[in-house]
Amino acid sequence: MSQQSNSEKPWGGRFNAPTDAFVERFTASVQFDQRLASHDIKGSIAHAQMLADVEIITRDDCSKIVDGLTAIQSEISDGNFSWSIALEDVHMNIEHALVERIGDVGKKLHTARSRNDQVATDIRMFLREQIDVIVAGLETLMTELIDLAEREAATVMPGYTHLQTAQPISFGHHMLAWFEMLLRDRERFLDCRKRVNVMPLGAGALAGTSFPIDRSKCAESLGFDLLAENSLDAVSDRDFAIEFSAHGAMLMMHFSRMSEELVLWNSQQFSFIQLGDAFCTGSSMMPQKKNPDVPELVRGKSGRVFGNLMGLMTLMKSQPLAYNKDNQEDKEPLFDTVDTLIDCIKAFGDLIPSLTINATAMREATEKGFATATDLADYLVRSGLPFRDAHAVVGSAVRRAIDKNCDLSDLSIAQYRELYPAMTDEVYKVLDIDQSLNARDHVGGTAPAQVREACARARKRLNTGN
Ligand code: ARG
């Protein structure tokens with residue numbers, strides 16, 4: 001990137017001495033905000049057309065500006081545009097290139113506009129586009145989870161609380177729990193999009209403009225649903241980006257939990273699933289290793305997304321109205337969060353269909369740990385015992401089984417009768433894992449039939465947005 005003297009800076013007029021070279025680099029944002037170029041150009045084209053519509057500039061001026069901007073867009077897309085640090089940011093680089101290309105007419109583009117409303121508009125256009133990419137990626141991933149849940153509706157696994165075997169559940173049911181988390185994440189992104197898609201243009205530097213602009217025209221051609229109602233707020237607040245980052249942090253929190261489970265299940269100790277070779281790497285020292293790097297990295301990347309949220313909150317905190325240069329610092333964390341979310345959504349979207357499910361290992365694990373002890377207590381309740389007493393009887397049975405190093409179903413009926421004289425053979429049916437699973441037969445329960453119905457509802461909810 002080249003350096004230039006103040007005479008080339010759009011704001012150079014007021015200054016006698018050139019900007020210090022360090023300050024020039026320190027205050028520049030073009031290194032990262034050039035990413036907003038296409039949005040900046042779209043915004044400028046809409047602005048120029050509006051200026052012509054209300055006769056602030058002529059039609060002829062407008063076409064020269066639009067043609068110039070279109071040519072600059074091609075140059076940028078082809079990688080032939082040369083960005084200059086001395087021109088500070090994406091906005092001034094493009095405006096400068098426009099004047100170089102079409103002459104003085106280009107200088108009319110910035111009438112009734114400031115970089116303050118311009119940059120706020122660019123970020124909002126960028127973010128709504130990225131939200132759409134994120135939502136589409138989440139929808140693909142959610143469809144994969146439903147497919148997997150449907151396939152594995154009758155696959156039994158141990159359900160855990162405190163990471164201790166608790167009760168048998170369907171693996172499909174577990175996948176649908178992930179689906180629910182992501183469905184709420186999608187809802188949060190879509191809701192936040194409403195507040196992102198509000199147009200700041202017209203706010204000028206902070207107080208609006210003395211020109212007879214038509215903000216609705218601009219909003220309509222740029223696809224904004226609403227006009228920002230207050231010029232001070234429009235150029236100043238980045239709460240829409242913070243809100244997005246909070247939803248991103250929540251999504252990463254969910255991803256980190258899902259990743260953690262994949263890492264555990266993929267371990268030799270669990271062996272519930274196997275990640276595809278394409279999603280793992282080896283160790284440079286230990287030849288036997290196949291490490292679950294992808295879920296580990298997703299889990300780790302939650303850190304930077306949480307950090308970006310905290311960074312943006314802190315950047316906004318205590319800023320007086322209206323625009324302050326602090327806000328230039330909003331871009332890097334926001335871009336990083338967007339990129340990280342999109343990568344992690346892709347990582348999960350690619351990884352889920354590649355999973356190998358080891359139903360046998362899951363069933364064997366369910367058979368250990370007295371997973372159906374609650375079913376036995378429930379059975380005793382149905383035969384007339386108060387739940388607390390039933391809990392105590394089964395607790396003693398578990399104690400015996402532990403002492404004898406056997407399962408609850410290995411205790412004889414005589415042994416059960418010592419604990420509860422009215423016990424019948426029914427006990428062995430009640431202890432059966434599939435019976436236990438099928439018994440949880442209500443909306444939200446883990447019975448395979450319910451999981452299949454939940455899958456059908458999930459597909460509908462995915463399509464109808466609730
Ligand atoms: N590069 C600036 C930003 O990202 C654009 C707005 C600058 N406005 C100003 N008056 N310095 O916030």
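Everything quoted here is computed from the prediction, not taken from an experiment. Sequential numbering from 1 along the given sequence is applied to the chain's residues. We count ligands from 1, going down the list as the structure has it; atoms in each ligand are counted the same way.
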Item to check | Within reach of ligand 1, part of Lys331 (heavy-atom separation under 4.0 Å) | outcome: side chain

Item to check | Atom indices of ligand 1 within 4.0 angstrom of Ser29 heavy atoms, with elements | outcome: 1 (N)

Next on the checklist: Give me the residue, atom name and distance of the protein heavy atom closest to atom 7 (C) of ligand 1.
Outcome noted: Tyr323 OH, 3.5 Å

Item to check | Distance-only donor-acceptor check, side chains Gln450 and Asp441, under 3.5 Å | outcome: yes

Next on the checklist: As a quick check of understanding, evaluate salt bridge (charged side-chain N to carboxylate O under 4.0 Å, His left out) for Arg461 and Glu187, giving each step before the final call.
Outcome noted: CA-CA 11 Å; Arg461 292 160 69 208; Glu187 200 173 314; over 6 Å; no

Item to check | Atoms of ligand 1 close to Gln328 [distance to a heavy atom under 4.0 angstrom, numbered from 1] | outcome: 1 (N), 2 (C), 3 (C), 4 (O), 12 (O)

Checklist entry - Say you draw a straight line from OG1 of Thr337 to CD of Glu332; how long is it, rounded to the nearest 0.5 Å? => result 12.0 Å

Item to check | Numbering as shown, the atoms of ligand 1 that approach Asp89 to under 4.0 Å (heavy-atom distance) | outcome: 1 (N), 2 (C), 5 (C)

Next on the checklist: Here's one to test your reading of the geometry: is the NZ or CZ of Arg124 within 45 degrees of the ring axis of Phe224 and under 6.0 Å from its centre?
Outcome noted: no

Checklist entry - So is Asn116 polar-close to ligand 1, meaning N/O to N/O under 3.5 Å? => result yes

Checklist entry - Taking the inter-plane angle between the rings of Phe244 and Phe189 on a 0 to 90° scale, is it parallel (under 30°), tilted (30 to 60°) or perpendicular (over 60°)? => result tilted

Item to check | Protein residue, atom and distance nearest to atom 11 (N) of ligand 1, heavy-atom basis | outcome: Arg115 NH2, 3.5 Å

Checklist entry - Just checking, any donor-acceptor pair under 3.5 angstrom between side chains of Ser170 and Arg440? => result no

